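Since the model is a prediction, treat every value here as computed from it, not as a measurement. Positions are given from 1, in the same order as the sequence printed here.
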Amino acid sequence: MNQISFITYLASKLNIDEERILSIQQNCIVKEYKKDEFLLRSNEYCKHIFFVEKGLLRQYSIDSKGKEHILHFAPESWLLADRESTFFNQPSKYYIQALEDTRVTMIDDVSFKKMEEDIPNFSDFNQRMLHNNIRSLQNRIMMLLSENAEERYLQFTTTYPDVLLRVPQLMVASYLGITPESLSRVRKELANKNMNR
């Protein structure tokens, strides 16, 4: 759990001088949320992109039967938003909730546009982030369509190496699209395979 500010994150990714960093900081809001607090609820409008400085978020929906479906986890140094709501001004279908005491930097659409104007290479950087997000979602769709429970679990441990110990198994199962019982079976089978090596 490495804590990092949005400014430090940007400085590590882009060649930015100190003056520009200070101007970016003025356009961002840093906010703290307690465990279980909501940053966004379904049918609200998502006005910000959230950069996780410390803590852990989850983005999920609830279906008509009341079942939760987790789309993303966002640990430290991850960005999370409902892009459809933020950029297309649609009511959100999702909840974003803090799973731990969490500090985020909140960046609105206007601030993102200002960064694109003021910071060399930010537009390219933002496009790379967007393409990474699209790639991640495509991989997630293929995982759910074509991989078995064990393959999904192994992919989860690669994508979120430190999240496994920070969330209940019920949430991991929800993200993987399997039952908690299936998850327990997969973990037991993997443990047995590792013992027999």
Side-chain angles (χ1 to χ4, degrees), residues 1-6 8-10 12-13 32-40 46 48-63 67-84 86 92-107 125 128-194:
M1 295 187 285
N2 296 327
Q3 298 180 32
I4 183 170
S5 72
F6 182 60
T8 305
Y9 174 77
L10 278 185
S12 72
K13 301 291 182 186
E32 298 203 0
Y33 291 88
K34 293 288 185 195
K35 181 181 177 181
D36 297 328
E37 267 191 276
F38 287 91
L39 291 71
L40 177 72
C46 187
H48 297 91
I49 295 169
F50 304 101
F51 175 83
V52 181
E53 293 190 359
K54 177 185 87 108
L56 180 64
L57 302 177
R58 71 169 172 153
Q59 180 179 11
Y60 68 99
S61 64
I62 300 176
D63 67 22
K67 184 177 178 184
E68 291 182 4
H69 302 277
I70 297 176
L71 183 64
H72 289 295
F73 292 103
E76 290 82 4
S77 300
W78 281 53
L79 289 154
L80 186 64
D82 178 354
R83 288 182 177 269
E84 181 182 22
T86 305
S92 182
K93 301 175 184 124
Y94 300 102
Y95 296 83
I96 296 178
Q97 182 184 32
L99 296 178
E100 301 171 352
D101 290 350
T102 301
R103 183 173 61 248
V104 296
T105 297
M106 301 164 58
I107 312 110
F125 169 70
R128 279 196 315 275
M129 286 195 307
L130 184 57
H131 289 311
N132 274 336
N133 185 259
I134 292 167
R135 179 180 64 177
S136 170
L137 288 171
Q138 286 176 329
N139 289 340
R140 183 143 162 64
I141 291 166
M142 285 308 297
M143 175 192 78
L144 292 170
L145 290 175
S146 63
E147 293 181 356
N148 64 36
E150 182 177 310
E151 291 167 331
R152 292 180 193 186
Y153 178 76
L154 291 172
Q155 181 62 40
F156 178 88
T157 62
T158 302
T159 305
Y160 298 111
D162 73 326
V163 169
L164 200 56
L165 301 175
R166 298 167 68 181
V167 299
Q169 294 305 299
L170 188 66
M171 289 186 187
V172 176
S174 171
Y175 176 88
L176 297 174
I178 61 178
T179 65
E181 293 76 21
S182 293
L183 177 58
S184 292
R185 188 184 70 249
V186 164
R187 294 184 71 196
K188 187 175 180 183
E189 287 170 1
L190 285 169
N192 287 338
K193 282 181 189 176
N194 288 333

Full working for side chain to side chain contact (heavy atoms under 4.5 Å, CB included) between Arg58 and His72: CA-CA 6 Å; Arg58 71 169 172 153; His72 289 295; over 6 Å; no

For the atom pair [atom1] ([X]) and [atom2] ([Y]), what is the distance rounded to the nearest 0.5 Å?
| X | Y | atom1 | atom2 | value |
| --- | --- | --- | --- | --- |
| Arg135 | Gln138 | CZ | CD | 10.0 Å |
| Lys13 | Met129 | NZ | CE | 10.0 Å |
| Thr102 | Tyr33 | OG1 | OH | 10.0 Å |
| Ile70 | Met171 | CD1 | CE | 5.5 Å |
| Leu176 | Arg152 | CG | CZ | 7.5 Å |
| Leu99 | Lys35 | CG | NZ | 8.0 Å |

In the structure I gave you, are the side-chain heavy atoms of [X] and [Y] within less than 4.5 Å of one another anywhere?
| X | Y | result |
| --- | --- | --- |
| Gln97 | Leu39 | no |
| Tyr160 | Val172 | no |
| Phe73 | Leu57 | no |
| Asn133 | Leu137 | yes |
| Leu71 | Arg140 | yes |
| Leu164 | Tyr153 | yes |

Steps toward ring pair (Phe, Tyr, Trp, His ring centres under 6.0 Å) verdict (Tyr175, Tyr60): CA-CA 9 Å; Tyr175 176 88; Tyr60 68 99; over 10 Å; no

Pair Glu150 + Lys193: basic N to acidic O under 4.0 Å: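 Here Glu150 pairs with Lys193 in a salt bridge, since their nearest N and O are under 4.0 Å apart.
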
Cationic N near anionic O, under 4.0 Å, Arg103 to Glu32: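 Yes, this pair counts.
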
Contact summary for [X] and [Y], nearest pair of heavy atoms:
| X | Y | result |
| --- | --- | --- |
| Pro75 | Arg166 | CB-NH1, 4.0 Å |
| Val52 | Val104 | CA-CG1, 4.2 Å |
| Glu37 | Lys34 | OE1-N, 2.6 Å |
| His48 | Ala81 | O-CB, 3.7 Å |

Stepwise side chain to side chain contact (heavy atoms under 4.5 Å, CB included) check, Phe50 with Ile107: CA-CA 7 Å; Phe50 304 101; Ile107 312 110; over 6 Å; no

Are the side chain of [X] and the backbone N or O of [Y] linked by a donor-acceptor pair below 3.5 Å?
| X | Y | answer |
| --- | --- | --- |
| Ser174 | Leu170 | no |
| Thr105 | Phe51 | no |
| Thr157 | Leu154 | yes |
| Thr86 | Asp82 | yes |
| Arg83 | Ile49 | no |

Worked verdict on Glu76 versus Lys54 for salt bridge (Lys or Arg N to Asp or Glu O under 4.0 Å): CA-CA 5 Å; Glu76 290 82 4; Lys54 177 185 87 108; over 6 Å; no

Pairwise salt bridge (charged side-chain N to carboxylate O under 4.0 Å, His left out) hits with a residue in residues 177-189, at least two apart: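 Non-adjacent pairs meeting salt bridge (charged side-chain N to carboxylate O under 4.0 Å, His left out): Arg185-Glu189.
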
Test of ring centre spacing under 6.0 Å for Tyr9 and Trp78: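 Aromatic pair excluded; centres sit 6.0 Å or further apart.
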
Partners passing salt bridge (charged side-chain N to carboxylate O under 4.0 Å, His left out) against Lys93 (at least two apart in sequence or in another chain):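 Lys93 satisfies salt bridge (charged side-chain N to carboxylate O under 4.0 Å, His left out) with Glu84 once adjacent residues are dropped.
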
Chi angles and distances behind the side chain to side chain contact (heavy atoms under 4.5 Å, CB included) call for Glu53, Ile4: CA-CA 5 Å; Glu53 293 190 359; Ile4 183 170; over 6 Å; no

From CA spacing to verdict: side chain to side chain contact (heavy atoms under 4.5 Å, CB included), Asn139, Thr159: CA-CA 11 Å; Asn139 289 340; Thr159 305; over 6 Å; no

